[in-house]
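One structure is given here, and the rest of the page talks about it.
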Amino acid sequence: MNAIDRVLNAIDRVMSYISPEKALRRQAARRALQVLNTGYSESGASVRKKSMKGWKAWSSSPQADIDMNLNTLRQRSRDLFMGGALGRSAIVTPRTNVIGAGLKLKCRIDEEYLGISREQAEQWEKNTEREFAVWAEGKFCDALRLNNFYEMQSILFISTLLNGDGWGLIKQANPARYFPYSLRIHLIEADRVSTPWEVNSGVIRYTYLNGINGRNSQNGNRIINGVEIDSNGAVVAYWISNGYPNDPANPTNVLQWQRVEAFGQRTGQPNVLHIMEAERCEQYRGVPYLAPVIEHIKQISRYTEAELMAAIVMGFFTVFIKESQTPMADFPLAEAIPQGEKVDLDPNAFELGAGTINTLPPGYDVETADPKRPSSNFDVFVTALARHIGAALEIPYELLLKSFTASYSASRAALLEAWKAFRMRRTWFAADFCQPVYELWLSEAIARGRITAPGYFNDPLIAKAWSRAEWHGPAPGQIDPTKEVQAAKIRVENGFSTRERETIELTGGDFDRNIEQLRRENKLMGQAGLISVAPNGGSQE
């Protein structure tokens with residue numbers, strides 16, 4: 001027991017003789033304080049510490065915290081992307097490493113469950129990949145005929161990071177002789193998925209509450225920022241407008257909404273692909289990637305612009321002539337440059353020439369403007385802030401700034417840490433976009449007889465065995481290729497990895513195709529007498 005407790009106990013004993021009722025109230029109050037002084041009440045949840053009294057944090061539902069602020073977050077996120085170097089780097093760096101030139105299909109069917117040999121499986125996989133290229137590598141797979149499937153991946157990923165979520169509409173078109181498939185993908189931005197409101201006179205069909213929440217009067221379902229959910233909270237439909245709200249490029253367009261069911265009633269296949277990285281339970285719309293660091297990036301942009309302007313001002317040798325009583329016309333500095341070489345003929349304009357020497361009359365003096373800019377601490381300060389921004393975005397500042405000045409070990413550790421996040425995002429993007437699109441295409445290809453897959457439409461388990469696939473993207477960068485290759489060789493020799501996996505990780509290539517190409521090259525080099533060729537087509541040492 002400390003001294004304070006002993007004094008308080010003594011006071012309680014005295015008060016018990018003077019006023020027993022007051023003593024009981026004091027004891028009850030002390031017990032209440034002891035109960036409050038537990039757990040986080042004196043740390044993160046304290047309301048008595050001076051450092052915590054002014055911290056009035058308040059959080060509510062995902063709809064109140066996220067959806068109500070989405071429009072502002074999107075506009076600011078796009079502004080940083082379009083007008084800020086650091087904001088653009090934070091978006092294109094994950095895009096380049098996660099998607100690159102596009103995630104490529106690698107079929108991995110379950111031949112054991114399907115009851116076929118490995119050779120048959122390899123033949124089916126090669127044929128399917130070849131057939132998928134017919135659809136994916138042409139622009140007819142795009143409903144707008146602007147991009148092929150791999151280019152659409154890049155656009156959709158950037159849209160997801162900028163706006164919080166990306167959207168792809170599944171459409172059908174008449175196949176043609178040169179393009180035998182009807183599947184089309186139409187990419188739209190997040191603004192077009194919104195809660196509808198009544199814009200024309202007539203019967204109000206949808207109850208518009210606060211710009212975010214609405215209700216479909218036909219079935220009573222709630223609409224949250226364009227996402228219609230049933231009484232259990234499950235997504236059943238999306239509301240998509242025919243344009244962008246407040247679009248100055250199309251001011252006469254009257255917004256109209258169309259209800260699109262999330263999944264087909266007969267096939268269960270998605271009608272709308274919603275790409276989103278959720279951060280909270282019961283969250284129906286995504287948060288822009290730059291949301292946690294919008295203020296920091298904007299302040300860095302302002303600081304950079306200020307320093308750049310200071311540097312430009314310093315680029316001009318600026319002088320000021322102190323006020324004097326001598327008439328300006330008699331100022332001899334004007335004669336330092338010959339009349340025929342002067343740029344400005346104004347008698348009150350004074351010019352300096354290279355290597356000129358002149359004297360000033362009494363009462364005149366020249367002062368140089370020296371703002372002491374740009375600051376020598378500019379790079380240190382921006383780098384320090386980039387560390388905080390990179391930590392929030394899971395991008396090491398070296399990669400964010402594209403500046404690798406540390407040791408090999410430190411640079412490699414930074415790349416490895418970044419690639420944990422890149423692989424994670426590649427996994428969910430492939431699962432949410434690439435794989436569903438591939439399964440839709442495969443269903444059509446099988447239905448049209450261009451690919452044979454017995455039992456595909458009879459059992460979901462058989463369909464899953466036929467549609468299993470991997471999606472490969474760009475490989476991580478290599479700081480020291482020799483060390484990387486040696487490490488890969490040791491992993492393969494000890495059974496920690498496979499040659500196929502290491503080929504993908506190191507170069508993003510295909511091990512099987514590499515072997516076939518090497519066999520062909522060895523044969524050609526052997527015919528040219530450059531190497532000796534083994535009977536199986538390989539080279540001999």
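Count residues from 1 along the sequence.
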Strictly by modelled atom types, are Thr195 and Trp257 linked by a side-chain donor-acceptor pair under 3.5 Å?
no
Would you say the side-chain atoms of Asn148 pair up with the backbone N or O of Ala136, donor to acceptor, closer than 3.5 Å?
no
List the steps and the verdict of side chain to side chain contact (heavy atoms under 4.5 Å, CB included) for Tyr181 and Leu440.
CA-CA 11 Å; Tyr181 294 101; Leu440 287 167; over 6 Å; no
Given salt bridge (charged side-chain N to carboxylate O under 4.0 Å, His left out), test Arg222 with Glu282 step by step and report yes or no.
CA-CA 13 Å; Arg222 184 183 175 190; Glu282 298 182 326; over 6 Å; no
Using every non-hydrogen atom in the two residues, find where Gln435 and Ala469 come nearest and quote the distance to one decimal.
OE1-CB, 3.8 Å
I'd like to know if the side chain of Gln517 reaches the main chain of Asn514, judged simply by a donor and an acceptor atom lying under 3.5 Å from each other, with no hydrogens or angles considered.
no
With ring pair (Phe, Tyr, Trp, His ring centres under 6.0 Å) as the criterion, how do Tyr303 and Phe378 come out once you've worked through the C-alpha distance, each side chain's angles and the decisive distance to 0.1 Å?
CA-CA 9 Å; Tyr303 178 47; Phe378 173 78; 5.2 Å; yes
Using the test side-chain hydrogen bond (donor to acceptor under 3.5 Å, both in side chains), find all partners of Asn225 that sit at least two apart in sequence or belong to another chain.
Asp67
Min side-chain heavy-atom separation Ile462-Tyr113 under 4.5 Å
yes
Using modelled atom types and a 3.5 Å cut-off, is there a donor and acceptor pairing between side-chain atoms of Asn163 and backbone atoms of Asp165?
no
How long is the span from the CG atom in Leu401 to the CZ atom in Arg387, to the nearest 0.5 Å?
9.0 Å
Quick one: does Thr96's side chain get under 4.5 Å of Ser154's, heavy atoms only?
no
Is Leu161 close to Pro94 at the side-chain level, that is, under 4.5 Å between some pair of heavy atoms?
yes
Is Arg192 reaching over with its side chain to a backbone N or O of Ser241, donor-acceptor style, under 3.5 angstrom?
yes
For residues 77-107, the ring pair (Phe, Tyr, Trp, His ring centres under 6.0 Å) pairs (sequence neighbours left out) are none
Closest heavy-atom pair and its distance - Met152, Asn147:
CG-CB, 4.0 Å
Any side-chain heavy atom of Thr160 sitting closer than 4.5 Å to one from Glu277?
no
Counting only N and O atoms by type, is there a donor-acceptor contact under 3.5 Å from the side chain of Trp135 to the main-chain atoms of Leu183?
yes
Any side-chain heavy atom of Glu394 within less than 4.5 Å of one from Met424?
yes
Minimal heavy-atom distance between Ala143 and His186, with the atoms involved, is CB-CB, 3.7 Å
Closest non-hydrogen atom pair, Gly87 against Leu290
O-CD1, 4.1 Å
Going from OG1 on Thr128 to CD1 on Ile451, what distance comes out if it is rounded to the nearest 0.5 angstrom?
4.0 Å
Audit row: Glu500, Thr503, side chain to side chain contact (heavy atoms under 4.5 Å, CB included) steps and yes/no
CA-CA 5 Å; Glu500 183 177 49; Thr503 302; 5.7 Å; no
Side chain proximity check, Glu137 to Phe132, heavy atoms < 4.5 angstrom:
no
Once rounded to the nearest 0.5 Å, what's the spacing between atom CG of Asn213 and atom CD of Gln63?
7.0 Å
Using ring pair (Phe, Tyr, Trp, His ring centres under 6.0 Å) as the criterion, list what pairs up with His274, not counting sequence neighbours.
Trp167
Short question: side chain of Asp459, backbone of Leu461 - any donor-acceptor pair under 3.5 Å?
yes
For the residue pair Asn97 and Arg426, confirm or rule out a side-chain donor-acceptor distance under 3.5 Å.
no
Under the rule for side-chain contact (heavy atoms from CB on, under 4.5 Å), what residues qualify as partners of Asn221, not counting sequence neighbours?
Asn219, Glu228, Asp230, Val236
Evaluate the ring planes of Phe422 and Trp419, with Trp represented by its six-membered ring, and classify them as parallel (under 30°), tilted (30 to 60°) or perpendicular (over 60°).
perpendicular
Quick check for you: to the nearest 0.5 Å, what is the distance between Arg499 atom CZ and Phe511 atom CZ?
6.0 Å
Looking only at side-chain N and O atoms, does Glu398 offer a donor or acceptor that is under 3.5 Å from a partner on Ser411?
no
Does the Asn242 side chain pair with the main chain of Gln256, one donor and one acceptor, at a distance under 3.5 Å?
yes
With a 4.0 Å cut-off, would you call Lys126 and Asp512 a salt bridge?
no
Which residue pairs satisfy the ring pair (Phe, Tyr, Trp, His ring centres under 6.0 Å) criterion with at least one member in residues 460-481, sequence neighbours excluded?
Trp124-Trp466
If only side-chain N and O atoms count, and only distance matters, is there a donor-acceptor pair under 3.5 Å linking Gln283 with Glu279?
no
Between Asn271 (side chain) and Glu261 (backbone), is there a donor-acceptor pair under 3.5 Å?
yes
What pair of heavy atoms forms the shortest contact from Gly220 to Arg215, and how long is it?
O-NH1, 2.9 Å
Would you mind checking if Glu189 and Arg74 are paired as a salt bridge, meaning a charged N to carboxylate O distance below 4.0 Å?
no
Looking at Arg302 and Glu305, does any basic side-chain N land under 4.0 Å from a carboxylate oxygen?
no
Is there a side-chain contact between Lys298 and Glu295 (heavy atoms, below 4.5 Å)?
no
Quick one about Asn71 and Gln75 (side-chain donor to acceptor, distance below 3.5 Å, no hydrogens or angles considered), yes or no?
yes
Kindly say whether Leu103 contributes a backbone atom to a donor-acceptor pair with the side chain of Gln153 at under 3.5 angstrom?
yes
Rounded to the nearest 0.5 Å, how far does OG of Ser89 lie from CG of Leu399?
7.5 Å
Residue list, salt bridge (Lys or Arg N to Asp or Glu O under 4.0 Å) with Lys464, at least two apart or on another chain:
Glu439
Where Tyr438 and Cys107 come nearest, the two heavy atoms and their spacing
OH-SG, 3.5 Å
In terms of relative ring orientation, are Phe433 and Phe429 parallel, tilted or perpendicular, with 30° and 60° separating the classes?
tilted
Test side chain to side chain contact (heavy atoms under 4.5 Å, CB included) on Tyr289 and Arg425; report intermediate values, then the result.
CA-CA 12 Å; Tyr289 181 60; Arg425 289 189 170 88; 3.5 Å; yes
Just wondering, do Thr498 and Val492 contact through their side chains at under 4.5 Å, heavy atoms?
no
Candidate pair Asn216 and Arg259, rule side chain to side chain contact (heavy atoms under 4.5 Å, CB included), full reasoning
CA-CA 10 Å; Asn216 187 343; Arg259 182 179 184 270; 3.8 Å; yes
d(Arg88 CZ, Ile297 CD1) to nearest 0.5 Å is 13.5 Å
Ser443 and Tyr456 side chains, donor-acceptor separation under 3.5 Å
yes
So, Arg118 and Glu122, do they make that salt bridge, N to O below 4.0 Å?
yes
If we ignore hydrogens and angles and just use 3.5 Å, is the side chain of Ser77 paired with the main-chain N or O of Leu162 as donor and acceptor?
yes
